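Read through the structure below, which is laid out as structure tokens, and then see the notes.
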Amino acid sequence: MSVAIYPGSFDPMTNGHLSIIKSGLVVFDKLIVAVLRNPRKEALFTVEERVEMITEELQGAGNLEVDSFDGLLVDYCKRKNARVVLRGLRAVADFEYELQMANMNRHLNTQVETVFLMANDAYFYVSSNIVKEAARLGGDVDRLVPPGIARRMKAKLAATKGT
Ligand code: ADP
């Protein structure tokens, strides 16, 4: 059985992530969406909220597990018995960073392969950061994230403004 891990921050999950997940489910027998616990990155949503949001959006989507992890990705792959890391590619800007990560992971563990998929071209320029930035300034991001996530973002941004 081919098991792939799709790691990332997903703060929050966008339609770009969703498009990669849906393609991943076609290519692999099982997909594990893994939210990285990264204390160095300031996030809008907690890891638990992100896991919950992804789980909600992808209910019934196929053989999918939503989880979180910290430490080295290759160690997490070993724990999960997964040989494949799935990453998404957007515009050329992603390429260099993704190449570095894939090479580092191969250096750390030659058993793990990184596979790249392209998102639907409608979401080529969509990133969690740009979506958050636009939403913070009152922009309409409804077509860039799933409806449930758009609602959660509005509520979260309203709550953080009040603090
Ligand atoms: P990170 O926190 O590692 O920058 P993200 O959580 O933003 O990563 O994304 C996880 C993965 O999904 C990365 O491989 C990223 O390139 C990919 N990705 C994010 N948004 C899109 C998109 N709109 N189209 C294709 N791939 C995407």
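Not measured: the values here are computed from a predicted model. Both counts, for ligands and for their atoms, begin at 1 and track the order of listing.
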Worksheet, complete the sentence: Ordered by chain then number, the protein residues lying under 4.0 Å from ligand 1 by heavy atom are Tyr6, Pro7, Gly8, Ser9, Phe10, Gly16, His17, Ile20, Lys41, Arg87, Gly88, Leu89, Arg90, Asp94, Glu98, Ala119, Tyr123, Val126
Worksheet item: So, Ser2 and Lys30: side-chain donor and acceptor under 3.5 Å apart, yes or no?
Response: no
Discussion item. A quick test of your reading: do over 12 heavy atoms of other residues, nucleotides or ligands sit less than 6.0 Å from NZ of Lys22?
Written reply: no
Worksheet entry | Candidate list Leu25, Val66, Ile20, test side-chain contact (heavy atoms from CB on, under 4.5 Å), partner Leu31, passing option | Leu25
Item to complete: Kindly check if the number of other-residue, nucleotide or ligand heavy atoms within 6.0 Å of CZ (Phe124) is above 12?
Response: yes
Fill in: Under 3.5 Å side-chain donor-acceptor pair for Tyr76 and Asp70
no
Worksheet item: Looking only at heavy atoms, what is the nearest atom pair of Leu89 and Asp94, with distance?
Response: C-OD2, 3.9 Å
